[in-house]
Every structure is written in structure tokens, then in C-alpha cells.
Amino acid sequence: MVRKKAQVIDAFAQQLSVKATWDQVSLPPAEVAVLRQIAGDMKMYQADRKRGFSQPRSDRSGIVAVFAGPSGTAKTIAAAALANDLGKN
């Protein structure tokens, strides 16, 4: 079931070639805080997995986040900053 959902998401996903930092994200502080919390939670999950405390949730180790809104609302730069913070492409 998880794999099928991932395939559906992959059909709509777009890999970014943009590099960004949190300082470049022009969103309200509360929204940036939510994104940073996602990054922090993922870092803790990854650290726990390395120490053997948690099992993988599926056969994929990626992050799925949906960014929605009209053009020009910082979706791409926010996704790029999140990926950069996590050392992902």
C-alpha cells in the first residue's frame, strides 16, 4: 500500500535543482518555524534509525511534503531550503 501511494506521489513530484537556505525563505516566521520543525523531526528520526531505535517506515527513505499555493508564494524556495537543511537534493 505504501509503495503504491509513493508511485502516485512520484507522478506529481518534481525534483528540484535549486539550493536555498532558511534566510532566503520569505514566509511569515510561524510558517518557517513549521518547516524547521519538520526538518528537526526528520533529523531526530534519522539519528534514531542510525542508533537502531526505530525501524524504517517503508522501503523508501525520502520525505514527502506537499507545498500548495499560487505562483510566487515561496513554495519552491521553501522546499529547497528544507532539502538543503536535510542534506538532500
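None of these values were measured; they are calculated from a predicted model.
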Compare every heavy atom of [Y] with every heavy atom of [X], then report the nearest pair and how far apart it is.
X	Y	answer
Lys75	Phe67	CD-O, 3.7 Å
Ile77	Val25	O-CG2, 3.9 Å
Leu82	Ala39	CD1-CB, 3.7 Å
Lys19	Gln24	O-OE1, 4.2 Å

task: May I ask you to decide whether Asp85 forms a salt bridge with Lys43, counting only side-chain N to carboxylate O separations under 4.0 Å?
output: yes
query: Roughly how far, to the nearest 0.5 Å, is CH2 of Trp22 from CG of Asn84?
result: 9.0 Å
message: Are the side chains of Pro70 and Thr73 in contact, using a 4.5 Å heavy-atom criterion?
response: yes
Sub-4.5 Å side-chain heavy-atom contact between Leu27 and Leu35: yes
